[in-house]
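Quick notes on the structure that follows.
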Amino acid sequence: MRSAHLTIDPGFAIGAVRRRLFGGFVEHLGRHVYDGIYEPGHPEADGEGFRRDVIELVKELGVSTIRYPGGNFVSGFRWEDSVGPREARPRRLDLAWHSTETNEVGLHEFASWLDKVGSDLMMAVNLGTRGTLEAIDLLEYSNVPGGSTLSDRRIANGRTEPFDVRMWCLGNEMDGPWQLGHRSADDYGKLASQAAKGMRQLDPSIELVVCGSSGASMPTFGEWERVVLGHTYDDVDYISLHAYYQERNGDLDSFLASSTDMDHFIESVVTTADHVKAVRGSDKTIYLSFDEWNVWYIDRWEGVDKIEGIGNWPVAPRLLEDVYSVADAVVFGSLMISLLKHADRVTSASLAQLVNVIAPIMTEPGGPAWRQTTFFPFSITSRLARGNALRLPIQSPTHTTALYGEVPLVDAVATHDSEAGRTAVFLLNRSLTETVTVTAEIRALGDVGILESHLLTDEDVNAKNTLEDRERVAPTEARVSITDAVLSVELPPVSWTAVALG
């Protein structure tokens, strides 16, 4: 049995854990909206057609802010299609996912669903096929109390009070050649600056997110951030990051070290943003919105069930419905550790996505809804992580991976809520074969005990929750103890663990 050691001290604060760090993402893609959150004929449907079982699972997940309506979908989206009488709404062809969008669920309906799940709206505007005027119009419709044509139109459509959307994304993945309206960094930066200035003239209190790279592997990564922020630094509050991870070629060792790549990605963007800050002589700091992140087996879906043909535009096809394993969930938990480790600069994040499409929640039309393995690290971390994130000096054995070189077997982060007197510790064991016992010096926390513990692992790292076996995988209690102000936690191979102290 291997061993690792760390120290938990409230004095090692990284930064406050903002609730927006536990955000989600709903895109009009596949069965996410239709047959996912919305299924009027389902036995669990409420009076608006939303599935009550899904609502309860989203509430349990603990999602704070939800980015909407895309994603690639937003770059062809006409927001006006999604408001007004349903029977008058047009059916549109969605070029991003080669599907038909019925607009049956639009802005008003989605806002009502957010009220049911207790989450805030983070709105994305179309800067792919549209521009500044349409972004200002949507903001007016959403946030102005009344007295203008568009705000009065919202009132006539049944919403007296403004939606009061606080956070707005200026387009989506505009660096990607797959994106409708794809532009160079220079052209996008100029457009985003114009849109931001116009939107702030209408509502100076909003927070704006400019598009960063859609992945650290993009050939323009780094230079894209530098150029875009050169145009928009004074106009925006955040720059976005997107990252997805998957096991490739059976290389589980490298997959389990994915968070080291996320760490490097975050730190590279921070460095670039701060370089622009220094060049401009600015006293303003740009924060990071990691508004798409997840485990996603992109390679698995390339060319599979691809929808083609000028006459073939299905409604809510089954797309990107990854079924997640224990190993996937352990990596997922490690990505949450990475976000917390950078809580000083990553102050907003959106898990992509929530239901059916690369999601922690799955549904069957007319049937049940259930938790995927990735549900558990998110729901537990969202509930327990409060106060400040803490840096944990750690001594850990290492091993060598093909993609990331030498990495520690154990990764960890903690949070400390001084008002509540509670601390949470989140730990990862990357070893495929060895149990690691972690001892943590906790004297600085005072007289505390173990409130709860959760261990996600399985002898079969490929075990999954499926329609046929919906509760195959679930967390169990971890093996933890406290002796003489030392916390001891046993980490089985390929495992994620959370411990709450108080």
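What you find for A402 and S254 is that their closest heavy atoms are N-OG, 3.4 Å. Closest non-hydrogen pair, L252 versus A327, comes out as CD1-CB, 4.0 Å. The two residues V105 and F110 come nearest to each other via the heavy atoms CG1-N, 4.3 Å. The two residues R318 and P365 come nearest to each other via the heavy atoms NH2-CD, 3.6 Å. Looking at every heavy atom in both residues, A369 comes nearest to L57 through CB-CD1, 3.9 Å. Residues P43 and G366 share a closest heavy-atom pair of CD-O, 4.4 Å.
T457 OG1 to W496 CH2: the interatomic distance, rounded to the nearest 0.5 Å, is 12.5 Å. In this structure, S205 OG and D164 CG are separated by 7.0 Å, a value rounded to the nearest 0.5 Å. With rounding to the nearest 0.5 angstrom, the CG atom of D46 is 11.5 Å from the CH2 atom of W113. If you take CG on L170 and CG on N172, they are separated by 11.5 Å, rounding to the nearest 0.5 Å. Rounding to the nearest 0.5 Å places CG of L384 at 9.0 Å from OG of S379. Atom CH2 of residue W370 and atom OG1 of residue T466 lie 7.5 Å apart, to the nearest 0.5 angstrom.
Put simply, the side chain of H416 reaches to within 4.5 Å of the side chain of L445, judged on heavy atoms. Looking at heavy atoms from C-beta onward, L340 lies in side-chain contact with V17 at the 4.5 angstrom threshold. Side-chain contact check for S259 versus R430: some heavy-atom pair is nearer than 4.5 Å. Put simply, the side chain of R386 reaches to within 4.5 Å of the side chain of R19, judged on heavy atoms. Within the 4.5 Å cutoff, the side chain of L354 has no heavy atoms near those of the I361 side chain. Considering only heavy atoms from C-beta on, R31 comes within 4.5 Å of T363 through its side chain. Taking 4.5 Å as the limit, some side-chain heavy atom of T285 sits within range of a side-chain heavy atom of R345. In this structure, M167 and S289 have side chains that are in contact, with non-hydrogen atoms separated by less than 4.5 Å.
With hydrogens and angles disregarded, no donor-acceptor distance shorter than 3.5 Å links the side chain of S382 to the backbone of F378. Judged purely by atom type and a 3.5 angstrom limit, D458 has no side-chain atom pairing as donor or acceptor with the backbone of V461. Judged by distance alone, the side chain of D291 and the main-chain N or O of S348 form no donor-acceptor pair under 3.5 Å. Checking side-chain atoms of S99 against main-chain N and O of W97 turns up a donor-acceptor pair under 3.5 Å. Under the 3.5 Å distance criterion, the side-chain polar atoms of N465 are left unmatched by any main-chain donor or acceptor of Q372. Put simply, the side chain of N126 gets close to the backbone of F77: a donor and an acceptor are under 3.5 Å apart. Although no hydrogens or angles enter the test, the distance criterion places a donor-acceptor pair under 3.5 Å between the side chain of N294 and the main chain of A352. Panel note: side chain T398, backbone E406; no donor-acceptor pair is recorded below 3.5 Å. Without hydrogens or angle criteria, R51 side chain to E39 main chain gives no donor-acceptor distance under 3.5 Å. Remark: the backbone N or O of M1 is not paired with any side-chain donor or acceptor of T435 at under 3.5 angstrom.
F50 and Y38 have perpendicular rings, their planes meeting at more than 60° on a 0 to 90° scale where under 30° would count as parallel.
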- Walk me through it: do T100 and D94 pass the test side-chain contact (heavy atoms from CB on, under 4.5 Å)? CA-CA 6 Å; T100 295; D94 169 28; over 6 Å; no
- Message: Using side-chain contact (heavy atoms from CB on, under 4.5 Å), reason through I206 and V165 one step at a time and then give a plain yes or no.
- Response: CA-CA 8 Å; I206 58 175; V165 182; over 6 Å; no
- Task: Kindly indicate, with the supporting measurements, whether the criterion side-chain contact (heavy atoms from CB on, under 4.5 Å) is fulfilled by R383 and E452.
- Result: CA-CA 12 Å; R383 181 171 56 82; E452 58 184 277; 2.8 Å; yes
- Just do the side-chain contact (heavy atoms from CB on, under 4.5 Å) check on T497 and N429 with the steps written out, would you? CA-CA 9 Å; T497 301; N429 181 4; over 6 Å; no
- Task: Check step by step if ring pair (Phe, Tyr, Trp, His ring centres under 6.0 Å) holds for W293 and F332.
- Result: CA-CA 9 Å; W293 69 271; F332 183 103; 4.8 Å; yes
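Donor-acceptor pairing under 3.5 Å is recorded for the side chains of H342 and E267. A side-chain donor-acceptor contact under 3.5 Å links S214 and D175. Side-chain atoms of T401 and D253 form no donor-acceptor pair, as typed in the model, at a separation below 3.5 Å. Residues W178 and E173 have side chains that bring a donor and an acceptor to within less than 3.5 angstrom of each other. For E104 and Y34, the side-chain atoms include no donor-acceptor pair closer than 3.5 Å. A donor-acceptor pair shorter than 3.5 Å can be found between the side chains of Q179 and S75. In summary, the side chains of S325 and D328 do present a donor paired with an acceptor at a separation below 3.5 Å, with no hydrogens or angles considered.
Ring to ring, F290 and F265 are close: their centroids are under 6.0 angstrom apart. For Y324 and W296, the gap between ring centers reaches or exceeds 6.0 Å.
A salt bridge between E364 and R470 is absent, with no side-chain N of the basic residue lying under 4.0 Å from a carboxylate O of the acidic one. Ion pairing between D120 and R166 fails under the 4.0 Å rule for side-chain N and carboxylate O. Under the 4.0 Å criterion applied to side-chain N and carboxylate O atoms, R67 and E292 are assigned as salt-bridge partners.
Listed by chain and number, the residues in a side chain to side chain donor-acceptor pair (under 3.5 Å) with D322 are W301 (sequence neighbours excluded).
For R479, the CZ atom sits in a loose shell: 12 or fewer heavy atoms of surrounding residues, nucleotides or ligands are nearer than 6.0 Å. Counted within 6.0 Å of CG on D115, heavy atoms from surrounding residues, nucleotides or ligands total more than 12; the atom is thus considered enclosed. Heavy-atom contacts from other residues, nucleotides or ligands closer than 6.0 Å to CZ of R422 number 12 or fewer.
Checked against L21 for a side-chain contact (heavy atoms from CB on, under 4.5 Å), the options T347, T65, V346 give a single hit: V346.
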